[in-house]
Amino acid sequence: MTFLQELFSSITQRDAVLRRRAAHLPNVDHDDLVAACQALMQSDGEVSGITLAGRALEIYARLDADEKLRFFERLASDFSAAPRTIDLAYERYRKNRSSKNLEALFEACEPKRQELLRRLNLTRGGTHEIVRMRADMLELMQGHPDFEAINADFIHLFASWFNRGFLVLKRIDWHTPANILEKIIRYEAVHKIQDWEDLRRRLDGRDRRCFAFFHPAIGDEPLIFVEVALTKGLPSQIQVILASDRYDIDEPESADTAAFFGISNCQTGLRGISFGNFLIKQVVQELKQELPGLRNFVTLSPLPGFRKWLEATYTEEAGLLSPEAQDTLKLLANPDWPQDEAQAQQLEEVIRPLAARYLLKEKNAKGLPHNPVARFHLGNGAELHRINWLGDVSAQGLKQSAGLMVNYLYVLDNIERNHEQFTADGTIVCSSAIRELSRRGRKLLKGENDK
C-alpha cells in the first residue's frame, strides 16, 4: 500500500471506531453536548482538550435531528461574540491605535464558535465530523436566520482547512479501490451512473479520464471529481459520450480535445467552498503533460433551471415575445417534440437565441449570471463558446435545460484575463456565434422587429 492509501485507511478506521463508541453512549441530549463544549472551551491542557473534543463529537453523533436543531440554536446564542467586550475593545483601540489593541479587538470580534470548532478539530476524525455537522445544519437552516452566522463561521474555517495546499489530486480508474469507486457512483450528480458496468465504461476506456481531490483529514472520501472524455473536435451531445456502444478513439494521442462532461461536489458540508476552479486548472495541466497534442479544453455542461426560467418569464400574460415566438414555445407542451423534426426545428429557432440572452443578460442580486453552472465556469476564466441544440435528450435534460448543453471553452492563455474581467465588472467573454444568437434573441421580443 502507498503512504496515501495507508493514511486513508487509518482515517476510515478511526471514523468507524468513533461511531461505534457513540452507539454505546447512554441517552444524551443537546444540553449534554453544550456542557461538553463548554468544558472543552475551559480546558487548558492539550491532552485533556483532545479527550473532551472526542467526547463532544461522540455526543453529537448520538443526537437526532430535533436535538441537533436545539444544539445549533444554543450555538447561535451561547457561543457568539460578546457585544460588551467588543465595545470595550473598540474603545481602547480608538484611544490608542496600537497593534496590541487591534489584536485584542480582532479577538473580541471573533465568535466563540470559531474557537470551539478549532478545538473540536483537535481530535482524531474531527475534521470530517465537523464537515458532517455543517451538512446537518444546512438541512435545518430554513426558518432560522440566526444560523447564517454559524454558517459564516464554518465557511471561514473551512476556507483555511481546505485550501489548495492541503488537497491531493488523484486519478480515478478501474483499479482504484472499490470503496472509493462506490462513492464515485453515489456522488455523481450530473449524469447518474447506472451500475458498475456503466462506471467501467466511464473509467476504463482509452478515451476517458477521471480525477478527484482528496484531503488527508477526510481519508478516502472524495471532495470533488471531474469526468473527462478525449475527443476529436468539440462534443455537442452528451448521449454520444455516455453511450454503451460509443466509438473509442484509436489512441488517446489522436485526441485534440479534452471535454469535461461531469463535475460533482461530494460533500454537502463543504458547499460553498470552491474546489472546482483548482480542480479544472490542475487537471488541464495533468492532461497537457500526458497528452501534449490536446488543443481544446472544453466543457459539455447542462443548463439547469433554464426551462423553468423560460416558461416562467415568457408567458402569454407577460407579453414579452412576439406572437410567432410565443406560439412556438407552446410546442414544448408536447412531450414528443424532440422526435418531431419540424417541431424541433421551430423550437430551435426560438430557444437557442433566448438561451444566449439568458446566459448573457440574466443576472442575480449580485450582478452575476443567473445560471449557477455559467457562474462557475465564467468565474474560472472560461469563454461562453457554444449552445448545443438537443445536446441532452434525456428526460432530465429536457425538463431542466430544454435539451440544451453548453460548451465553455478554457483557453489557457486567456484564463487569468477572463477571470479578472469577470471578477472586476462581470464581463462575460463569449464567441461571435453566441453574440449573434443573442442578437437574434432580441429580435424575438415584442416590438423589436419594428425598430
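Ring to ring, F154 and W161 are not that close: their centroids are 6.0 angstrom or more apart. Note: F162 and H215 meet the aromatic proximity criterion, with ring centroids under 6.0 Å apart.
When every heavy atom of S48 is checked against every heavy atom of S43, the shortest pair comes out as OG-OG, 3.0 Å. When all heavy atoms of A255 and L230 are compared, the closest pair comes out as CB-CB, 3.8 Å. The shortest non-hydrogen separation linking L359 to A374 is CD2-CB, 3.8 Å. Nearest heavy atom pair, residue A149 against residue R113, reads CB-NH2, 3.6 Å. Minimum interatomic distance between L120 and T123 (heavy atoms only, all atoms of both residues): O-CG2, 3.3 Å. C37 and F79 make their closest contact through CB-CZ, 4.0 Å (heavy atoms, listed as atom of the first residue, atom of the second, distance).
At distances below 3.5 Å, not a single donor-acceptor pair connects side-chain atoms of E91 with backbone N or O atoms of Y93. Judged purely by atom type and a 3.5 angstrom limit, R202 has no side-chain atom pairing as donor or acceptor with the backbone of R208. With H385 contributing its side chain and N407 its backbone, the two residues share no donor-acceptor pair below 3.5 Å. With hydrogens and angles disregarded, a donor-acceptor distance shorter than 3.5 Å links the side chain of N163 to the backbone of S160. Side-chain N or O atoms of D173 include one that pairs as donor or acceptor with a backbone N or O of T176 at under 3.5 Å. Q400 places no side-chain N or O within 3.5 Å of a backbone atom of G305 that could act as its donor or acceptor partner. In this structure a side-chain-to-backbone donor-acceptor pair under 3.5 Å is present from N101 to N96. Judged purely by atom type and a 3.5 angstrom limit, R209 uses its side chain to pair as donor or acceptor with the backbone of R206. Put simply, the side chain of S264 gets close to the backbone of A189: a donor and an acceptor are under 3.5 Å apart. Of the possible polar contacts, one joining the S254 side chain to the E251 backbone as a donor-acceptor pair under 3.5 Å is found.
Annotation: side chain of P304 is in contact with side chain of N371 (closest heavy-atom distance under 4.5 Å). Residues F214 and I180 are in side-chain contact: their nearest non-hydrogen atoms beyond the backbone lie under 4.5 Å apart. Proximity of L303 to Y358: side-chain heavy atoms (C-beta onward) are separated by under 4.5 Å at one or more points. Contact annotation: the side chain of P369 never approaches that of N364 to less than 4.5 Å [non-hydrogen atoms, C-beta and beyond]. Using a 4.5 Å cut-off on side-chain heavy atoms (C-beta onward), H191 and L242 make contact. The shortest distance between side-chain heavy atoms of M133 and F72 falls below 4.5 Å. Side-chain contact between M405 and F261: absent, with no pair of heavy atoms (C-beta onward) separated by less than 4.5 Å. Side-chain contact between E221 and Y187 is present, with at least one heavy-atom pair separated by less than 4.5 Å.
A salt bridge links D198 to R201: one of the charged nitrogens lies within less than 4.0 Å of a carboxylate oxygen. Remark: R118 engages E110 in a salt bridge, criterion side-chain N to carboxylate O under 4.0 Å. For R74 and D31, the salt-bridge test passes: some basic side-chain N is under 4.0 Å from an acidic carboxylate O. Ion pairing of R171 with E286 is absent here, as no side-chain N (NZ or NE/NH1/NH2) approaches a carboxylate O to less than 4.0 Å. Ion pairing between a basic and an acidic side chain is recognised when a charged N comes within 4.0 Å of a carboxylate O; R307 and E311 show such pairing.
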- Message: Evaluate L169 against L279 for side chain to side chain contact (heavy atoms under 4.5 Å, CB included), listing each step before the verdict.
- Response: CA-CA 8 Å; L169 182 71; L279 178 64; 3.6 Å; yes
- Please walk me through it: do F147 and I150 pass side chain to side chain contact (heavy atoms under 4.5 Å, CB included)? CA-CA 5 Å; F147 288 7; I150 307 175; 4.1 Å; yes
- Item | Verdict with reasoning, I263 to F225, per side chain to side chain contact (heavy atoms under 4.5 Å, CB included) | CA-CA 6 Å; I263 301 174; F225 65 90; over 6 Å; no
- Task: Check the pair D256, K232 against salt bridge (charged side-chain N to carboxylate O under 4.0 Å, His left out), reporting the backbone distance first and the verdict last.
- Result: CA-CA 5 Å; D256 63 10; K232 292 181 179 180; over 6 Å; no
- Task: Check the pair E129, R132 against salt bridge (charged side-chain N to carboxylate O under 4.0 Å, His left out), reporting the backbone distance first and the verdict last.
- Result: CA-CA 5 Å; E129 293 301 316; R132 291 185 177 120; 2.6 Å; yes
- Would you please test T257 and N296 for side chain to side chain donor-acceptor pair (under 3.5 Å) and show each step? CA-CA 5 Å; T257 299; N296 306 310; 3.1 Å; yes
- Could you go through the side chain to side chain contact (heavy atoms under 4.5 Å, CB included) check for C109 and L105 one step at a time? CA-CA 6 Å; C109 290; L105 177 57; 4.0 Å; yes
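Atom NZ of K68 has more than 12 neighbouring heavy atoms from other residues, nucleotides or ligands inside a 6.0 Å radius. Within a 6.0 Å radius of OH in Y314, more than 12 heavy atoms belonging to other residues, nucleotides or ligands are found. Enclosure of atom NZ in K308 is not indicated, since only 12 or fewer non-hydrogen atoms of other residues, nucleotides or ligands lie within 6.0 angstrom. Crowding of E107 atom CD: a count of heavy atoms from other residues, nucleotides or ligands under 6.0 Å not exceeding 12. By the neighbour-count criterion of 12 heavy atoms within 6.0 Å, atom NZ of K363 is densely surrounded, having more than that number from other residues, nucleotides or ligands.
Atom OG of S236 sits about 12.0 Å away from atom CG of L404, to the nearest 0.5 Å. For the atom pair CG of L75 and CG of D146, the computed distance is 10.0 Å after rounding to the nearest 0.5 Å. Remark: K112 NZ to L117 CG distance equals 14.5 Å, nearest 0.5 Å. If you take SG on C266 and CD1 on I218, they are separated by 11.5 Å, rounding to the nearest 0.5 Å. Remark: I280 CD1 to L287 CG distance equals 11.5 Å, nearest 0.5 Å. Residue F213 holds its CZ atom at 13.0 Å from CG of L270, rounded to the nearest 0.5 Å.
In summary, the side chains of D392 and Q239 do present a donor paired with an acceptor at a separation below 3.5 Å, with no hydrogens or angles considered. Looking at N151 and R134, their side chains do bring a donor and an acceptor atom within 3.5 Å of each other. Counting only N and O atoms by type, the side chains of N121 and R119 include no donor and acceptor under 3.5 Å apart.
Ring geometry, H377 versus Y408: the interplanar angle falls under 30°, so the pair is classed parallel (tilted spans 30 to 60°).
For the side-chain hydrogen bond (donor to acceptor under 3.5 Å, both in side chains) with H30, the qualifying choice from E67, R70, E73 is E67, the only one to do so.
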